[in-house]
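For reference, the structure is listed below as structure tokens.
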Amino acid sequence: MDFHHIDFAKQYSDHMFMADYDGNGWKDFRIEPYHNISLSPANPAIHYGQSIFEGLKAYKNPQNEVLIFRPQKNFARMNISAARMMMPQIPEAMFMDGMHQLIDLDRNWVPDVEGTSLYIRPFLFATDEYIGVRPSDTFKFMIITCPVGAYYAKPVKVKIEEHYTRAVKGGTGFAKTAGNYAASLYPAHQAQKEGYDQLIWTDGQFHQHIEESGTMNIMFVINDTLITAPVGDTILNGITRDSVLELARDWEMKVEVRPFEVSELIAAIENNTLQEAFGVGTAATIAHIEVIGYRDTDYTLDLNKRQFSTKLLDTLNDIRYGKTADKFGWNYLV
Ligand SMILES: Cc1ncc(COP(=O)(O)O)c(C=O)c1O
């Protein structure tokens, strides 16, 4: 494989980790060659979406060691998703040791070219052979990996969505579960047909507050203050978001985690106080936003002002690629 030209998520590494839940406990922890799996046609994950996943990345440092970024956070979030979706809790040792041994075995799949990494996808899904609507008794946990390059090579064009809804209070927005993503495909496709890369979701009730994007949390810098929405039950508690907030506070930047209205954003664009808008997520890292579409207007942002997000991207990259001191203890050495 040529790590200089990686097609996103097209080629998977040699091995995968698997374990089964038989209704009482976890068993058969194993690493196998990457291969197709067979499922009952009555599988409830297929019919009813009882399925959750995580996404994290491993990086090569200059000493050719492999570092995984904050995997315990993904482990914790996966169990929050599992509880909401009536799935068994995942033991920490299974998640961490399974991942460790898998990445150790496939360490040659961790690319060493600038901007690249190994994407790690743990997932858990129902496996009963039963077509009635009820929680499955049996489940399969797996981890697959694939080398990835940069996600958005250039600044993105986003559209503020006021018709479709990703999540509502009391729903599953905070869980990383299959159906959230399935439901987002059509609205995202409509926006893409209009020339946008991504949506910015607003609250499901009044479409007044900014929530998050398709695969990223969203942040703004206005009057030198970093602003982002609080995570509740409608927004995924992003690990990149958490890291960015920690860095901003460490740099003694003013941070406001509060409900943020679309009207405030538009006013800040119009009165020229919006300095930066960007998405933050594992896949995208930091995605600078160049155009925000709202109703019939496309607002083009001045990318020359993106000092904070550029510093963030550089700092996060330096930590993840092991080029600077890991003062927060975020890296897990394989
Ligand atoms: C809906 C959604 N929001 C936000 C994020 C960003 O979360 P993280 O930084 O943990 O990747 C993701 C990606 O995982 C996502 O799918």
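Here the structure is a predicted model, which is why all the values come from computation and not from measurement. Throughout, numbering of the chain's residues begins at 1 and tracks the sequence. Just so you know, ligand 1 is whichever comes first in the structure, and atom 1 is the first atom listed for that ligand.
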*So does Asp203 pair up with Arg166, basic N to acidic O under 4.0 Å?*
no
_For a quick check: using heavy atoms under 4.0 Å, what are the residues in contact with ligand 1, sorted by chain and number?_
Arg77, Arg166, Lys176, Tyr181, Glu212, Gly214, Thr215, Met216, Asn217, Leu236, Gly238, Ile239, Thr240, Val280, Gly281, Thr282
_Can you see whether Phe308 has Lys311 sitting over its ring - NZ or CZ less than 6.0 Å from the centre and within 45° of the normal?_
no
*Between Tyr130 and Thr127, is there a donor-acceptor pair closer than 3.5 Å when you use the side chain of the first and the backbone of the second?*
no
*Same hydrophobic cluster for Val113 and Val148, using side-chain heavy-atom links shorter than 4.5 Å among ILVMFWY?*
no
With a cut-off of 3.5 Å and sequence neighbours excluded, list every side-chain donor-acceptor pair involving residues 168-176.
unit_1	atom_1	unit_2	atom_2	d
Thr172	OG1	Asn180	OD1	2.8
Lys176	NZ	Tyr181	OH	3.2

*Row check, Phe125 ring normal vs Lys140 NZ/CZ: under 6.0 Å, within 45°*: no
